[in-house]
Amino acid sequence: MKTTTLTSAIPRVTKPPKRNDDRVILHFDYDCFYASVFENENPALKSLPVGVKQKSILATCNYVARARGVKKLMLISEAQRVCPDLVILNGEDLTRFRDVSKRLWSTLRAHSWNRRVERLGLDEVFLDVTDVIAYNAEMLNVHALGSSFFHLDRRDPEKGFAFDGAQFFGCVYPAGSAAVLPEDPLSVRLMLASHLAGYLRHKLEDDFGYTSSGGVSTSKVLAKLAGSVNKPKNQTTLLSLQDSDVVQEFMDAHQIRQIPGIGSRITQLIQEHVLSAPTTPQIQPGDESPLTVAQVRQHPGMSPELLERILSRPGSERGSGDKIWAILHGVDRSEVKEASDVPTQISIEDTYMARPLGTVAEVSRELHTLAASLLRRMRVDLTDAGKPPRWLAYPKTLRLSTCTRPRPSSKPGTEHHPFGRSSRSAALPRFALALPDSPINDDIEAIAARLVAESLLPLFRRLHPETPRPPQGGLNLGLINICVTNMVMVASAGDGENEEGGGGGGGNGRDIGRMFRTQEDKLREFTVYDTSGPSAEDGHKNDTVAKDASEDRRRSSGYNDDTKPAAVLLDGEDDTWDDDETDEDSFRCPLCGHPIPYFAASAHERFHSMED
DNA sequence: GTGCAAGAG
DNA sequence: GGTTCTCTTGCAC
């Protein structure tokens with residue numbers, strides 16, 4: 001039963017595309033994640049009301065605090081008023097949350113057969129488990145559902161867990177219809193998925209101490225909405241059986257603003273139309289519209305075409321009418337994306353609302369701090385764990401964004417002109433990619449200083465061409481964001497520690513090796529340029545290439561260059577350096593990890609810059 | 001490729 | 001005393 005849609009052949013219809021229940025999607029949402037991270041670091045917090053702040057607001061709080069009237073996104077002052085003994089922890093540095101998030105995500109990913117494991121923010125994950133469920137549906141004995149076994153591995157029939165296939169795990173929607181219908185394949189698949197979701201949630205709790213809420217359905221939107229029905233520490237399976245109105249009733253009961261994909265802007269535009277003339281002239285700010293899916297769907301004349309007209313302005317997405325119309329009917333064909341090893345973008349920002357930045361000197365200082373953080377993050381997120389580390393991917397572009405402070409006095413909510421963020425970007429200079437062999441952060445300050453001087457301040461001048469004369473404050477900057485993006489993949493994970501020398505292994509690293517060989521001639525005709533000499537400004541003696549370390553880094557066995565492309569490349573010169581000493585004559589290329597003599601650095605760099 | 005808007009948590 | 005700190009996607013140019 002596959003419904004392939006040939007768009008050209010299908011006439012425009014007012015009905016949404018029929019829902020397609022081919023897939024099975026799980027959604028996990030870690031309960032009050034930031035607060036849980038602190039609780040796991042310090043279990044004594046679990047019984048106390050805990051709030052996590054960023055600047056002057058509470059980013060989140062635990063359920064003890066919520067029971068006391070504390071809400072997410074409350075002002076600190078307000079939260080302290082309603083709950084004077086609230087324990088407030090600072091969550092402005094996201095490092096610890098990122099680390100935990102990554103570990104939980106890896107665990108979930110390890111149970112995926114198809115790598116479709118998508119992270120949404122730090123605390124949510126989607127899994128497309130269609131294949132796992134199909135396999136288990138085949139293996140299921142419908143005459144002995146009560147003593148079933150869930151297979152987590154096709155090749156190892158021992159791996160898995162026992163479960164009662166006569167029931168769903170956790171809650172179902174609508175509540176009470178908990179009987180599995182063995183003759184309905186979708187019912188069976190959702191039942192199986194509920195047990196898998198339950199198993200994984202308990203694994204996250206047992207192995208790491210993180211509880212979560214789960215949703216089980218046939219699309220991302222439905223799984224996510226289902227998951228929010230019973231929280232925390234619970235899960236909900238949406239029984240979207242073929243000939244039932246469950247999905248539509250489920251959608252109808254939501255306010256449109258709650259639907260993923262319908263944000264504040266779309267809510268506002270739809271509301272302005274629906275509540276326009278006759279009945280209620282009361283137009284609320286987009287975020288708290290009471291408008292429900294049912295109201296919008298049943299509004300006179302409502303159709304994908306009308307939605308398209310309401311929503312389309314310059315800059316808005318094409319086809320959003322169809323998309324919103326489909327979502328209002330519970331139809332969402334968006335795929336769970338494959339896990340990517342590296343982010344497509346890394347950014348660091350800070351806000352200066354209390355005291356906006358007024359002078360270039362202040363800006364310069366902040367840029368340095370931000371740049372140092374960014375460089376650290378690049379090394380954590382974009383390099384492998386090897387000794388020495390190598391870039392898995394590196395960014396080609398550096399971007400600086402700022403916004404001047406909103407305005408001295410305006411009421412919150414009314415004038416919806418939050419910030420004018422503006423940005424400029426430039427190529428990320430190569431020196432930012434230098435990697436030290438050992439103590440990983442020694443050189444960061446120097447690189448940051450150079451990045452500020454050579455890239456960030458020029459970008460800043462482009463952004464703010466005439467430094468305004470201070471009437472009383474000069475620049476008045478309320479936010480600075482710096483970002484690296486435009487990633488180029490260089491090596492696949494696990495490439496450095498070749499686990500298996502032989503047949504299939506390789507991936508990207510091998511392609512690069514091949515390119516090395518084809519570029520051999522060009523590399524031979526190197527010329528000795530300045531190999532990124534130390535820049536003399538502000539007295540920093542910074543060597544941007546990796547220095548030798550006293551470490552025993554080369555003893556890492558299995559890293560034998562003899563058979564590697566590098567040996568071919570270096571053919572004839574390979575006594576310039578030695579296998580166990582990267583001395584003053586050479587350095588390790590931060591991009592590919594190969595030892596490179598200084599006289600070849602320039603050519604080597606050109607080689608890398610020729611990669612697409 | 002660059003800059004912005006809008007979506008997400 | 002007054003919007004946190006990110007990340008992704010898609011449009012206009």
Side-chain angles (χ1 to χ4, degrees), chain A residues 27-30 32-34 52-60 72-78 90-95 97-98 101 118-126 220-221 224 228 257-269 286-287 311-320 323-324 327 334 337 340 342-356 370 373-374 377 381 396-403 405-427 459 462-463 478-487:
Chain A
H27 178 254
F28 299 87
D29 185 337
Y30 314 137
C32 41
F33 182 56
Y34 289 3
V52 179
K53 72 157 187 166
Q54 286 171 332
K55 295 282 152 52
S56 59
I57 62 160
L58 266 199
T60 191
K72 279 182 177 181
L73 303 183
M74 234 178 200
L75 289 177
I76 298 294
S77 49
E78 171 86 342
N90 189 325
E92 286 160 30
D93 181 349
L94 305 184
T95 309
F97 311 131
R98 271 194 287 263
S101 176
E118 183 179 345
R119 246 192 315 173
L120 185 54
L122 295 179
D123 69 338
E124 294 185 32
V125 178
F126 290 100
K220 285 171 47 167
V221 166
K224 182 174 159 106
S228 61
R257 185 57 180 87
Q258 301 179 278
I259 307 302
I262 303 185
S264 57
R265 193 74 188 105
I266 290 175
T267 298
Q268 190 188 332
L269 291 170
D287 261 8
L311 301 178
S312 80
R313 286 153 307 110
S316 65
E317 199 175 335
R318 271 175 315 128
S320 55
K323 206 178 92 189
I324 300 298
I327 278 183
S334 63
K337 275 166 302 191
S340 152
V342 294
T344 67
Q345 174 188 312
I346 299 173
S347 71
I348 303 279
E349 72 185 33
D350 205 348
T351 49
Y352 315 94
M353 18 145 225
R355 203 177 74 78
L370 294 171
S373 302
L374 186 66
R377 278 260 273 133
D381 291 356
K396 283 202 307 214
T397 306
L398 175 68
R399 179 167 63 225
L400 172 69
S401 313
T402 60
C403 69
R405 213 161 55 135
R407 79 186 48 182
S409 69
S410 75
K411 285 191 178 173
T414 49
E415 196 57 63
H416 211 40
H417 241 340
F419 306 96
R421 223 182 242 236
S422 49
S423 64
R424 294 292 180 272
S425 51
L459 284 173
R462 280 213 273 146
L463 221 34
L479 175 147
I480 298 179
N481 174 303
I482 62 180
C483 169
V484 287
T485 183
N486 216 342
M487 302 295 176

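Every heavy atom of this structure was used, including side-chain atoms; hydrogens, water molecules and symmetry mates were not. To find a chain, count down the sequence lines: A is the first, B the second, and so on, and within it residues start at 1.
Residue A:T351 places at least one side-chain N or O closer than 4.0 Å to OP1 or OP2 of C:dC5. Listed pair A:K224 / B:dG9 meets the phosphate criterion, a side-chain N or O lying under 4.0 Å from OP1 or OP2. Residue A:S56 has no polar side-chain atom (N or O) positioned under 4.0 Å from OP1 or OP2 of C:dG1. For A:S77 and C:dG1, the shortest distance from a side-chain N or O to OP1 or OP2 is not below 4.0 Å. Close to B:dG3, at under 4.0 Å from its OP1 or OP2, lies a side-chain N or O of A:S425. OP1 or OP2 of C:dC5 has at least one side-chain nitrogen or oxygen of A:K55 nearer than 4.0 Å.
The residue A:R424 sits close only to the backbone: its heavy atoms come under 4.0 Å of sugar-phosphate atoms, none of a base. Contact annotation for A:T60: no contact, since no heavy-atom pair falls under 4.0 Å across all strands. A:G261 comes within contact range of the sugar-phosphate backbone alone, with a heavy-atom separation under 4.0 Å but no base atom that close. Within 4.0 Å (heavy atoms only), A:R462 reaches sugar-phosphate atoms of the nucleic acid but no base atom. Contacts of A:K220 with the nucleic acid, taken as non-hydrogen atoms under 4.0 Å apart, are absent. Within 4.0 Å (heavy atoms only), A:I480 reaches no atom of the nucleic acid at all.
Remark: A:S340 engages A:V342 in a side chain to side chain contact (heavy atoms under 4.5 Å, CB included) (not counting sequence neighbours).
Taking atom CD of A:E78 as the reference point, atom P of C:dT3 lies 15 Å away to the nearest angstrom. Note: CD1 (A:I57) to P (C:dG2) measures 12 Å, nearest angstrom. Rounded to whole angstrom, the span from the CD1 atom of A:I482 across to the C1' atom of B:dG3 amounts to 18 Å. Rounded to whole Å, atom P of B:dA8 lies 22 Å from atom CZ of A:F28. Here the P atom of nucleotide C:dT3 and the CD atom of A:Q54 are 13 Å apart, to the nearest Å. If you measure from atom CG of A:N481 to atom P of B:dT2, you get 16 Å, rounded to the nearest angstrom. The nearest whole Å value for the distance from the CD1 atom in A:I259 to the C1' atom in B:dG7 is 14 Å. Computed from coordinates, the A:Y34 OH to C:dT4 P distance equals 14 Å when rounded to whole Å.
Closest contact between the side chain of A:I266 and the listed nucleotides B:dC4, B:dA8, B:dG7 involves B:dG7. Distance from the side chain of A:L94 is smallest for C:dC5 among the nucleotides C:dC5, C:dT4, B:dC4. Here the side chain of A:R421 is nearest to one of B:dG3, B:dG9, C:dT6, namely C:dT6.
In this structure, A:Q345 contributes its side chain and A:T485 its backbone to no donor-acceptor pair below 3.5 Å. A side-chain donor-acceptor contact under 3.5 Å links A:E92 to the backbone of A:K55. Side-chain atoms of A:S401 never come within 3.5 Å of backbone atoms of A:R421 as a donor-acceptor pair (strictly under, hydrogens ignored).
In this pair, A:F97 and A:Y34 present their aromatic rings parallel. The plane angle is below 30°, not in the 30 to 60° band.
There is a side-chain donor-acceptor pair under 3.5 Å between A:S101 and A:R119.
Atom CD1 of A:I57 and atom OG of A:S77 lie 11.5 Å apart (nearest 0.5 Å).
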Quiz item: Base, backbone or nothing for each nucleotide of nucleotides 7-13 of chain C, written B, S, -, heavy atoms under 4.0 angstrom, 5' to 3'?
Solution: SBSSSS-
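Side-chain contact between A:S228 and A:Q258 is absent, with no heavy-atom pair separated by less than 4.5 Å.
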